[in-house]
Amino acid sequence: MKFRFRRQSTDPQREKIKQELFAFKKTVEHGFPHQPSALAFDPKLQLMAIGTKSGAIKIYGAPGVEFTGLHKDATAVTQILFLPGRGCLLSVLDDNTIHRWELVAESTREVGGVKKEGVVSLREVDSYSLPGRPGIESSSATRATVLLLLKSCDLLCVGTEGGGVYVLELPHSICSFRVFLHLPDDYRCGKSLGPVESLQEHPQQAGKILIGYSRGLVVLWDLSSRHADQLFLGKQQLESLVWERSGNLFVSSHNDGGYSVWAVTNGNIYNHQPVSSTIPYGPFPCKAITKILWRTTQLSGGMPRASYGDRHCLTIQQDKEHVTLDFTSRVIDFFTVHNMDNDKEFDDPSALVVLLEEELVVIDLLTPGWPSLPTPYLAPLHSSAITCSCHVTNVSTKLWERLINAGKAQQSRRHTHRKWPICGGKSLAPPPRQQELLLTGHEDGTVRFWDASGVALTPLYKLSTANVFHTDCDPIDDPHDPCDDPDMQQQEEEEEWPPFRKVGCFDPYSDDPRLGIQKISLCKYSNKLVVAGTAGQVIVLGLNDERSDHLVDVSVMDLLQDREGFTWKGHDRLEPRLKPAPFLPGFQPLVLLQCLPPASVTAVALHAEWNLVAFGTSHGFGLFDYHRRNAVLARCTLHPNDSLAMEGPLSRVKSLKKSLRQSFRRIRKSRVSGKKRAVITTTSKVKMQVQEANAALAEQEEVAPVQRRIEPRSADDSLSGVVRCFCFADTFLRDGTHHGPTLWAGTNSGSVYAYALEVPGVDSGRTCERGGASESSMCVEAVLGKEIQLMHRAPVVSICVLDGRGKPLPDPYEASQDLSIAPDMTNAHSVLIASEEQLKVFSLPKVSAKTKFKLTAHEGCRVRKVALVLFSSAVQEDYSEHTLVCLTNMGDMHLFNMPGLRPQVRFDCIRKEDISGIASCVFTKNGQGFYLISPSEYERFSLSAKVLIKPQCSKGASTFLFLLLTSACHNIQLDEAWCKMANRCKW
């Protein structure tokens with residue numbers, strides 16, 4: 001007997017084409033950095049840097065200007081320090097190491113006779129570990145607490161936790177000074193000074209710095225004479241220091257919620273009393289003011305502990321104006337964008353930039369009332385938890401402008417449209433070829449529209465579905481909403497003390513978890529949108545440029561069809577409004593379709609040309625004509641053992657007992673089958689072996705040796721009735737000569753239902769047979785044409801109908817309005833059914849298998865996401881291929897040609913442990929994709945060699961850097977070690 005394996009020969013020409021089509025690269029991270037821990041600003045280059053607890057460094061400038069670096073060790077970044085105007089920075093990590101980064105530019109290129117500026121990237125140049133005391137591997141006294149780079153950029157001061165201050169005079173000398181030699185007796189007791197909390201350079205006199213210690217002592221130190229000019233003997237625990245612009249005064253903030261103003265005078269070296277001391281929100285105990293800036297005096301913290309101890313606040317004061325910014329997450333750090341020219345009399349701050357734990361807030365200080373600026377990037381994607389996403393390519397200019405106008409109409413008077421203050425760098429990326437939308441559904445019932453055309457993910461418009469229903473916290477029920485009336489809000493702020501103002505858009509709390517969005521579908525040609533939620537609600541919306549007050553039509557569809565023996569144990573449905581509700585310009589609800597039982601919607605499909613929407617839950621699926629408000633089809637897919645489907649995602653009834661029971665049944669079943677096999681007679685055993693050999697031979701002829709046999713699943717598995725996918729198609733279902741509208745539905749048990757649809761106006765022949773009835777009086781009808789059961793009962797992930805050329809059918813309106821190449825309706829069509837375990841193409845209308853590929857490999861990988869993508873060649877302008885992209889549970893991408901299903905290339909994309917990243921992945925039609933790498937960040941990647949959206953930036957300045965680390969150990973041997981290390985660095 002001769003065994004043959006089908007081997008794929010390597011075609012050099014084909015390999016060249018694949019290189020021109022496919023290339024994997026992670027391009028850019030969209031959203032807000034997860035767990036930020038440090039902030040810095042370069043006032044000369046107008047660049048901002050953010051460090052994270054995972055060891056990432058991200059630099060931002062003008063929209064589209066982004067640089068990203070990652071430390072080798074995933075250690076938290078505690079401090080970042082820019083070298084102004086040099087394109088360099090230092091990062092201090094939690095492991096007491098300092099790293100040097102440079103913005104390095106590539107050489108200038110000449111393309112087509114035109115010189116193009118080199119692209120800049122962020123690179124780590126060096127890293128250094130702070131040495132501990134001799135004989136001690138690690139000591140908290142050697143930990144750097146604060147860095148100060150002098151304006152001359154030739155000295156770097158380092159304050160440590162042990163109270164020592166070290167200075168490096170470039171290029172090779174290190175000196176340390178012992179401040180306690182000049183202190184009164186009650187301050188001379190070893191570590192009683194505490195850590196160095198703040199280092200500030202004198203704004204007018206170079207070489208003089210303020211040193212602030214935790215215990216309250218502040219020293220004005222002259223670096224040239226190495227002598228203390230003045231001592232300010234504070235008694236309250238110190239938090240931060242800041243100079244007044246003239247250098248005659250400085251302010252210290254303290255842990256009791258107060259701040260003090262100190263005068264710098266000549267004469268007496270000891271200063272025991274400040275000019276003034278203020279506790280803004282006293283006299284009761286208050287939270288510490290962790291940082292204070294003296295421009296028009298901004299301070300962070302200071303709230304009374306008893307009443308507002310749980311609030312995260314920042315106060316702005318200017319003369320009689322006083323505003324307390326109330327945030328929903330912790331303040332990490334903040335800075336002001338102001339005049340840096342020493343010749344000017346005033347700072348003239350223009351903006352306040354506040355880095356919070358969950359978002360970035362920018363306050364316009366030039367506009368009366370100090371409104372906030374909308375962020376062109378770094379918007380918090382997770383302002384409410386992301387539950388689903390959808391991508392739309394090649395959006396028309398008209399729809400784009402209408403979305404932008406709707407977004408502007410939503411912005412309150414508390415927002416300003418002044419220029420974004422962080423405007424450094426220059427984007428060298430070419431303008432986007434097309435406009436792309438990323439839609440994200442959220443737990444609070446909102447859908448957010450993002451501009452995903454370039455590097456910066458910019459918010460455009462937010463849609464809320466909460467006002468369609470009655471909820472516990474209903475803004476419409478309150479006719480006097482202060483947010484809609486700025487005068488009323490200002491009056492309330494004046495009456496309230498402290499004068500709180502809610503700032504920022506991060507709000508992780510949902511009024512009702514049933515509002516959560518689960519599925520989104522947008523038709524960019526008809527401007528119709530369908531959103532489906534957790535409580536079985538399906539809302540069809542249309543785009544309107546004007547505000548509207550109207551009542552939303554409600555239709556109810558029962559998917560159980562009065563089936564006995566099933567009782568819903570989950571949450572109740574959301575109660576729709578029975579009165580007209582106001583809806584802002586943008587997408588406004590046309591009809592609300594409520595599924596019963598109100599289970600979470602698991603699949604949805606929209607065909608706007610036929611005015612149809614299909615939806616599915618764990619109980620079945622339905623078809624609805626939203627134009628005629630008519631229910632077309634309701635089909636129950638429940639198995640008799642699907643009791644788990646009646647509990648719902650929000651039910652408190654746990655399925656642990658059922659899962660354990662099923663596991664024990666499988667074990668018992670396998671043992672029984674094993675015992676039965678043991679008593680088989682010799683004749684029957686030989687016969688069985690022959691059958692197994694024949695089956696193995698047939699399997700080997702079709703499948704490569706790296707694949708394994710797919711094991712069939714039990715028919716009584718829980719949640720087998722869950723509907724996974726839909727497909728609308730104009731194809732051949734009844735016979736091979738007449739084509740018409742069809743609906744395909746796939747379930748968790750491997751069942752595929754194909755319905756032939758009679759849509760008025762689409763199939764004119766049947767209209768004539770009915771006596772020429774008008775379209776308005778006719779209803780859409782659905783007739784079951786085919787019912788396919790996959791052999792191994794694997795869940796159906798995707799269904800797609802292919803035309804006579806093996807290409808996917810165009811989207812609605814594309815064929816009728818000549819927006820794409822018309823499909824081939826002369827040759828036989830086929831349908832691609834992708835399950836979790838294999839890909840299979842069936843011919844139509846007979847539904848006979850043409851080709852298949854079993855993707856389940858030895859690692860047990862299963863298909864999680866499937867998309868049909870059009871890849872264009874990076875070399876040949878007129879060459880493109882339709883390719884099937886599969887994402888598996890192992891996080892890798894498999895690409896297959898169509899319709900032959902031959903493997904083309906495989907890429908490792910997502911870590912297999914990142915389950916949420918795999919589940920959140922969404923593909924674009926041009927070969928890109930997005931997936932969540934954290935609750936607040938999308939990773940963007942490209943599978944196409946031609947389509948690549950990544951940061952291409954320049955900083956516009958030469959690169960230069962110097963660096964210093966020091967230790968708090970008062971030992972001459974350690975200082976010599978530092979000198980040797982500095983010499984090795986070749987400063």
Heavy-atom donor-acceptor pair, Thr637 side chain to Gly721 backbone, under 3.5 Å: yes
Check: Gln904/Arg14 side-chain N/O donor and acceptor closer than 3.5 Å: yes
Lys840 (side chain) donor-acceptor with Ala834 (main chain) under 3.5 angstrom: no
Spatial distance of atom CZ (Phe941) from atom OG1 (Thr924) [nearest 0.5 Å]: 8.0 Å
Donor-acceptor pair, side chain of Gln789 and main chain of Glu787, under 3.5 angstrom: no
Distance flag, aromatic centroids of Tyr938 and His30, threshold under 6.0 Å: no
Exam field: side chain Glu837 to backbone Ala794, donor-acceptor pair closer than 3.5 Å: no
Results of ring-ring contact (aromatic ring centres under 6.0 Å, His included) for Phe615 - residues two or more places apart only: none
Ring centre gap for Phe930 and His391 strictly below 6.0 Å: yes
Verdict with reasoning, Glu881 to Lys807, per salt bridge (charged side-chain N to carboxylate O under 4.0 Å, His left out): CA-CA 9 Å; Glu881 287 186 8; Lys807 298 181 179 180; over 6 Å; no
Intermediate values then yes/no, salt bridge (charged side-chain N to carboxylate O under 4.0 Å, His left out), Asp735 and Lys846: CA-CA 8 Å; Asp735 54 61; Lys846 293 184 178 181; over 6 Å; no
Ring centroid separation Tyr753 to Phe621 under 6.0 Å: yes
Side-chain donor/acceptor of Ser798 to backbone N/O of Val866, under 3.5 Å: no
Partners passing side-chain contact (heavy atoms from CB on, under 4.5 Å) against Asn827 (at least two apart in sequence or in another chain): Asp824
OG-CD1 distance between Ser920 and Ile910, expressed to the nearest 0.5 angstrom: 6.5 Å
Any side-chain donor near an acceptor of the partner, Gln518 and Thr534, under 3.5 Å: yes
Which residues share a side-chain contact (heavy atoms from CB on, under 4.5 Å) with Val783, sequence neighbours left out: Arg734
Cys921 vs Met893 side-chain heavy atoms within contact, under 4.5 Å: yes
Leu743 side chain near Cys727 side chain, heavy-atom distance below 4.5 Å: no
